Structure formats: C-alpha cells, structure tokens
There are 2 protein chains.
Amino acid sequence: METFSQWATRMSRKQSITIKDVAREAGCGVATASRVLNASGPASAEMSERVRRAARDLGFSFSAIGRALQSRRSMTVGCLVPSLANPVFAEAMQGVQDCLRGAGYQPLVCASNYDEAVDEDILRTLLASQVDGLIVTMASPSRSVALGTASVPVSLMFHDPLPGHITAYVDNVAAAREVARQFIKHGHRRLGFVALRFAESDRSRSRYAGFMAECRAAGVPDPVLIEMDDRSARCPHRVAEVLRAHPGLTGLFASNDFLALAVQNAAGLLGRNVPRDLSVIGFDGIGIGHLLATPLSTIETDAGAMGRQAAETLLNSMQGEEAIQPPALPFVFRTGATLAAVSEKMDDGLAATLPSSAHLDLASTKTRTNQ
Amino acid sequence: METFSQWATRMSRKQSITIKDVAREAGCGVATASRVLNASGPASAEMSERVRRAARDLGFSFSAIGRALQSRRSMTVGCLVPSLANPVFAEAMQGVQDCLRGAGYQPLVCASNYDEAVDEDILRTLLASQVDGLIVTMASPSRSVALGTASVPVSLMFHDPLPGHITAYVDNVAAAREVARQFIKHGHRRLGFVALRFAESDRSRSRYAGFMAECRAAGVPDPVLIEMDDRSARCPHRVAEVLRAHPGLTGLFASNDFLALAVQNAAGLLGRNVPRDLSVIGFDGIGIGHLLATPLSTIETDAGAMGRQAAETLLNSMQGEEAIQPPALPFVFRTGATLAAVSEKMDDGLAATLPSSAHLDLASTKTRTNQ
DNA sequence: ATCTCACATGGAAACGTTTTCACAATGGGC
DNA sequence: GCCCATTGTGAAAACGTTTCCATGTGAGAT
C-alpha cells in the first residue's frame with residue numbers, strides 16, 4: 001500500500017497546473033495568460049476566449065504563493081488573541097473573519113494561552129510569514145518588542161487605546177463607573193472587584209480603576225480587589241473559599257461574565273442567595289447571560305463588532321489611508337436579576353457593625369448546613 | 001504627511017533582508033548561508049560562525065513565502081468550521097492550534113456561517129493558497145466537490161466517520177441512545193428532539209436517529225422532531241411558541257446546550273418549571289453548564305480533544321504515515337438538575353389522556369397568568 | 001610524488017507569479 | 001507613401017528560497 005507522501009511525491013512532478021500550462025494549452029505566452037486571467041492588460045477577444053477556455057479545461061487556479069512572492073503581499077492578516085476558548089475572543093475573531101473575507105484577506109489565527117512569551121513568539125512567526133497586517137490582543141502591547149519592530153499596519157483589540165496604534169475598544173473605565181453607579185443606586189457600599197490575571201490584563205486594571213474612581217466620587221469606601229487564578233476560578237469550592245474570606249461585601253463586580261457566574265455559583269455553595277444576600281455584576285454580555293434562570297446583570301459589549309472594527313481600520317491602513325482612531329465602541333448596562341437593593345439585614349445588621357470574623361463564622365456555618 | 005502605503009513603497013526597495021544580504025555580509029554564497037542557517041549541510045566552524053553572526057546583525061529571518069514556493073509546502077493547514085461564535089467549534093480550533101503549533105504549522109481558520117455555498121468557496125480558496133492539509137467541519141462533506149478534488153490530506157471533525165476520510169468524532173448515535181435511556185429510566189415516555197438546522201447537519205440527524213432507535217427498543221413512542229431556525233432560537237418567545245405547540249411532552253432532548261438553555265428559559269415563560277414539569281437534556285457539555293443555578297443535564301464531550309485528535313491524525317497523514325481511523329472520542333452523561341422523574345400529574349392527568357388541544361389551552365392560559 | 005576521497009563551497013536552476021520592456025502589426029493623419 | 005500612435009503579444013527579469021552539481025582544497029593512502 002502506498003502512503004500519502006509517496007503518492008504526493010509521485011504526483012508532485014506535474015501535480016499542479018501552473019499558468020505556464022494554461023499558456024501552452026492556449027498557445028500563447030504566460031504574460032498574455034496572466035493579463036487575460038487577471039484582466040490586467042489588453043488582449044484580443046479571441047485570445048481571451050482561448051485562454052479562459054484553457055484555464056477552465058485544465059482546472060487552473062492561481063498559486064497564492066507564487067503571487068505572494070512576486071507581489072510581496074501575502075493577502076493574509078495575522079491575528080493574535082489570548083484564547084479561542086473564551087467566547088469573547090472567538091466572537092471577535094468571527095467578526096474579523098467576516099470583514100476580512102470580503103476584502104480577499106485570510107486571517108491567520110493564533111492563541112497565546114495568556115502567555116506573554118508565547119505572544120512574542122507568535123508575533124515573530126506571523127511577521128516571518130509575511131502577513132500584510134496584524135490584529136492583536138496580548139498581555140502587554142506596549143512592552144512587546146516584536147510588535148514594535150513590526151513593519152506592517154497593526155490594529156489592537158480590547159486594549160485601552162495606545163498612542164501609535166489604532167485600537168478597537170470599549171471604554172473600560174466608563175463601563176466600570178457605570179457598574180459602580182448601579183451598585184450605589186441600589187444602596188451598596190461594601191463592594192469588591194473579582195479579577196482574573198489582574199497583573200497581566202490592562203482591561204482588568206482599567207475596570208478596577210473606573211470602579212474605584214466612581215466609588216470615591218460617590219463617597220463610598222474603596223472596593224476590595226480580589227484576585228484569582230485560572231485554576232481556582234474553575235473550581236467552585238475554591239471560589240467559595242475566596243468569597244468566604246470577604247464576608248462583609250454586598251456587591252461584587254466580576255471582571256468577566258464567567259467569573260460572575262462562578263461567583264454566583266460559589267455564593268450558592270455558601271448558602272448565600274443572589275441577589276438577596278449578594279449582588280453580582282459581570283462584564284462582556286456573553287450570549288447565555290439572557291437565558292439563565294436568574295439572568296446576569298452585566299455590561300454588555302459586542303465582541304463581534306469589535307473584531308469588525310479592528311479589521312476595518314486595518315484594511316484602511318493596509319490600503320494606505322491615514323489611520324484615524326475611531327471612538328470607543330458602545331456598551332450598555334444590561335439589567336438582569338443578579339443585582340438587587342441591599343437588604344436591611346445585610347446593610348445594618350451585618351455588614352456595617354459586626355466585625356468581619358463574625359461574618360466568617362456565619363458564612364461557614366451556613367455552608368455546612370447547606371451542603 | 002506620508003501615508004503608510006507611500007512609506008511602504010519607499011521602503012519596499014530594501015525593506016526586508018534576504019538570505020542574499022546575509023551571504024554578502026558573511027562573504028559567502030547563498031547556498032552556504034542556507035546550509036548553515038538550516039543546519040542542512042556541511043559547513044566549516046568558522047564559516048558557520050560568520051554566517052550566524054551576519055544573520056543576527058542584520059536581523060534576518062526567513063521568508064516563509066520564498067520557502068513555500070521552493071519547497072512546495074506552505075506549513076499551513078486550512079481549517080473550516082461553521083462558526084467561531086459557537087464555543088464548541090472555537091474550543092476545537094483552540095485544540096487544533098495547540099497541536100499544530102508544536103509541529104510548526106499555522107492554522108488558517110475560516111468560518112462558513114453554516115452556508116453550504118460558502119463552504120465550497122472557502123475550500124477552494126484554501127486549496128488555492130496551497131495549504132498542506134485540511135481540517136473540516138461543514139454542511140455536507142460527502143457532497144462537497146471541492147473536498148473531493150483536494151490533493152492534500154484531510155481530517156474531518158464532528159462528522160460521522162465517512163469512508164475515505166479520517167474523522168475525529170463522538171458516537172452521536174450512542175450518545176443519543178444514552179440520553180433516551182436516561183429519560184426512560186426516569187419514567188418519561190413522551191419525548192421530543194429539538195433541532196437546529198436538522199436538514200444540513202448530519203450530527204443532528206444522527207442524534208435523532210439514536211434517540212429514536214433507543215426509544216423503539218424500549219417500546220416508547222417515537223420522539224417528536226421539533227425543528228427550529230436560528231433566528232427563532234434566539235428569541236425566547238418564539239421558542240415558547242414552539243414549545244406550546246407540543247404540550248404533551250415531558251422530556252426534551254436538545255441538539256445542543258444553548259438550545260437546551262433556550263428551551264429551559266422558554267418553559268419558564270410558559271410557567272412550566274424545569275425539571276418539575278419538563279425535563280431537558282442537552283448536548284456538548286459547554287463550560288457554563290456546571291455553573292448554572294440548575295445545572296444542565298447533558299452529554300458532555302471534549303471539543304478541545306476533538307480538535308487535537310483531528311490535528312494529530314492530520315499531522316500523521318501529512319508525514320506520509322498510513323492513515324488509520326481512531327476510535328470515537330468518549331462522552332459521558334453529566335447528571336445535572338434539569339432531568340427528574342415524571343410527576344404523576346404529568347404522566348397520568350395530562351399527557352396520557354387529554355386531547356392535545358386541551359393542553360394548548362392550558363398552556364396558553366398559564367402563559368398569560370405568568371407573564 | 002601521485003591518486004583518491006571526503007569535505008567545504010559557490011553557481012545556477014527551479015518553484016509560480018507579475019510586470020517591464022521590446023517588438024510586430026495595424027491604422028489614421030500628414 | 002511615410003511617420004507616429006495604438007494595440008496585441010511574448011521574452012525575460014524579479015521575488016526568496018532550496019538543492020543539485022561542479023569546483024577547489026587538503027589529507028591520507030599507495
């Protein structure tokens with residue numbers, strides 16, 4: 001039995017029909033064939049017909065590689081996101097793809113798994129494969145040397161706008177302030193911000209900053225920063241532990257919707273009902289949010305639109321147009337069912353007066369009875 | 001102010017350093033430089049040093065395009081999925097990527113938006129860009145002419161195994177039978193299968209077939225097939241309407257988890273509690289399933305593993321190894337909280353005896369009171 | 001001292017395009 | 001009838017690699 005590679009080797013001699021074959025079949029030079037097939041120059045009607053028919057008969061199609069080598073444009077765009085497993089980035093890539101395809105470009109999609117070293121490595125690889133442009137979400141665009149040396153246009157996504165690069169983004173600070181306003185409007189004063197990868201994510205930091213700023217402006221105590229790592233976030237008990245360590249809080253702002261769901265779930269494990277005993281607000285507005293029994297209150301953004309905008313601005317840059325930074329993409333606060341007014345019990349009886357150790361005991365007691 | 005393209009044109013003269021530049025700098029021929037940099041042939045220690053240093057000084061990196069043209073291997077793999085907005089496919093692509101990257105290949109990711117014509121178009125484009133292999137999930141692999149003419153190895157994902165192609169898959173029929181068994185074990189006899197894109201998806205059809213087969217084997221009436229289109233599925237009221245049209249059913253098998261959540265949500269709108277009045281089982285095992293207030297009962301599969309397997313078998317094929325079809329990937333039934341035993345009221349009072357029009361009235365009444 | 005032989009090296013062809021340039025043929029205006 | 005556009009055409013160079021082949025060098029064997 002012949003393996004594929006043997007077959008491939010055997011076939012590779014005359015495997016693909018090139019424009020030369022077409023020219024020979026049509027009885028003309030390759031230049032003419034190229035002109036006809038690309039409609040890029042003069043050709044007699046009769047010759048056009050001959051060439052086109054030859055191409056059809058032979059089943060010819062251009063080699064993108066030959067073209068790229070000659071024209072120095074690969075018609076590909078390198079895309080770097082932290083992970084495709086996060087639907088926010090996946091949707092953004094879908095938007096990028098939809099937009100790029102219309103212009104004849106192919107996205108080269110890469111994910112770094114949130115690893116800064118991989119970021120650099122991927123960027124280098126992408127640049128080496130002659131991409132015509134770059135659409136990037138990474139740990140630290142400002143620190144990246146590969147990004148700095150890029151000789152092609154770059155669009156950023158999700159990041160805060162960075163001088164020197166066009167960015168498709170939502171105003172994280174403003175959105176986080178809105179979250180704070182919502183909490184405060186409902187009487188919350190003891191707030192927390194739950195973050196994943198706080199150190200590596202400018203998005204997380206901006207959200208916290210906005211959250212904090214609005215709290216201060218309203219005379220509400222600074223929100224507590226609660227950092228979590230990936231692994232713990234996936235394990236309900238670990239999340240519950242973290243929650244238990246901060247018993248006085250009545251409102252939690254999660255840096256993304258998954259985290260918000262995890263928090264909600266963990267609260268349940270501790271016997272605390274959302275939103276009766278704890279209010280939770282998320283970020284992103286992922287699709288399932290609507291469908292839940294208690295719909296998530298969250299900042300709703302349109303990741304697909306972000307991808308499309310990034311692709312569009314990149315296309316403009318690649319066309320040589322002057323790059324202008326578009327305004328931030330819109331967001332809305334989606335009123336779900338995970339935000340409620342602070343109950344009197346929470347506000348007066350517990351959170352305000354009792355020492356936090358008391359809460360801790362209470363919480364753990366409830367946990368035991370509940371499990 | 002100079003636009004980018006002007007700058008690019010100006011720079012393109014000597015923009016990129018080629019291996020010729022390295023050779024000139026090192027004072028040797030390009031052949032030697034190539035041999036040294038690729039460690040592909042003999043070279044004196046001194047010459048190696050000279051070349052390596054020249055390459056480093058000049059910041060040289062190989063042009064993937066030049067290489068591809070010469071070696072006739074682009075080191076890219078074309079990937080086609082219906083949509084990246086569906087986390088199942090996104091996770092699979094993440095798995096593909098992780099696996100391919102290790103072998104030095106770049107995935108070219110495309111989404112067809114479930115459009116069969118786009119499937120063909122994308123496949124042709126991918127083939128024209130000289131991909132070394134193809135990883136595909138599409139409407140109909142068996143009907144695709146572009147796939148048939150592919151001269152590179154192909155791995156399928158998610159599809160039922162198709163003679164002539166290696167496929168990474170779960171046994172949809174077996175999984176659906178397991179779903180039926182679970183329903184029946186809990187006393188359900190009036191079942192339905194809710195499907196999206198039933199006509200275009202062999203996965204949906206296989207799941208229905210297995211579901212039906214097990215029902216027959218157990219002497220349970222054939223499950224009702226309930227088809228829905230994309231748009232309706234997104235709108236809770238439309239889903240509710242569809243549900244209302246099938247009032248006698250006590251158990252619904254949804255062809256994916258999102259649909260299951262939508263059904264659950266719609267049942268709520270109709271005043272029917274899940275799982276008290278209606279049991280729901282999903283398919284896929286998406287991550288949030290765990291985190292819900294009433295965790296979803298579902299068939300749990302590992303999309304990432306599917307992607308990794310597809311990539312691995314493809315790598316083997318591309319290496320020329322004999323392609324052997326691996327066994328189906330495992331699935332487990334995840335016991336959530338959306339499946340419960342049939343209540344007496346449901347079983348005796350309503351479903352079994354009353355004419356269906358009565359249910360319809362009842363259901364709509366409940367709806368009105370509930371809304 | 002001559003003959004091999006292995007090794008190091010560079011020239012050149014090839015991969016599939018596009019594009020520049022030169023050439024031939026045609027036709028209209030003097 | 002001559003010149004100059006205009007038009008259709010093909011040869012050839014270039015893009016950046018890899019690889020085949022030929023050449024040159026030195027060492028070891030006769």
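Chain letters run A, B, ... following the sequence lines, proteins first, then strands; residues in each count from 1. Keep in mind that the numbers below use all heavy atoms, side chains included, and drop hydrogens, waters and symmetry copies. Bear in mind the structure is a predicted one, so any value in this text is a computation, not a measurement.
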Any side-chain heavy-atom pair of Q106(A) and L126(B) under 4.5 Å: yes
Between CD1 of I65(B) and P of dT18(C) the distance, given in whole Å, is 14 Å
Here the distance between atom P of dT17(D) and atom CD of Q130(A), to the nearest Å, is 8 Å
| said: Check this one for me: any side-chain N or O of S34(A) less than 4.0 Å away from OP1 or OP2 of dT17(C)? | reply: no
Exactly one candidate in L156(A), L127(A), L80(A) meets side chain to side chain contact (heavy atoms under 4.5 Å, CB included) with L147(A); the answer is L156(A)
Atom CD of Q70(A) and atom P of dG16(D) are separated, to the nearest Å, by 10 Å
Rounded to whole Å, the CG-P distance (N38(B) to dT18(D)) equals 4 Å
Self-check item: Short side-chain N/O contact from R72(A) to OP1 or OP2 of dG16(D), under 4.0 Å
Solution: yes
Across all chains, not counting sequence neighbours, the salt bridge (charged side-chain N to carboxylate O under 4.0 Å, His left out) partners of R197(A) are D230(A)
From CD1 of I19(B) across to C1' of dA14(C) the rounded distance in Å is 16 Å
- Quick one: do E46(B) and R50(B) make a salt bridge, cutoff under 4.0 Å? yes
Rounded to whole Å, CE of M75(B) lies from P of dT18(D) at a distance of 12 Å
* **Lys/Arg-Asp/Glu bridge criterion (N-O < 4.0 Å) met for R101(B), D121(A)** => yes
Interface polar pairs with nucleotides 7-11 of chain D, N/O, under 3.5 angstrom:
residue: dT9(D); atom: OP1; partner: S44(A); partner atom: OG; Å: 3.1
residue: dT9(D); atom: OP2; partner: S44(A); partner atom: N; Å: 2.9
residue: dT9(D); atom: OP2; partner: S44(A); partner atom: OG; Å: 3.2
residue: dG10(D); atom: OP2; partner: G29(A); partner atom: N; Å: 2.9
residue: dG10(D); atom: OP2; partner: T32(A); partner atom: OG1; Å: 2.7
residue: dG10(D); atom: N7; partner: R35(A); partner atom: NH2; Å: 3.0
residue: dG10(D); atom: O6; partner: R35(A); partner atom: NH1; Å: 3.1

*So, R143(B) and E116(B), do they make that salt bridge, N to O below 4.0 Å?*
yes
To the nearest angstrom, the CD1-C1' distance between I17(A) and dG16(C) comes to 13 Å
Taken to the nearest whole Å, CZ/R24(B) to P/dG11(C) is 13 Å
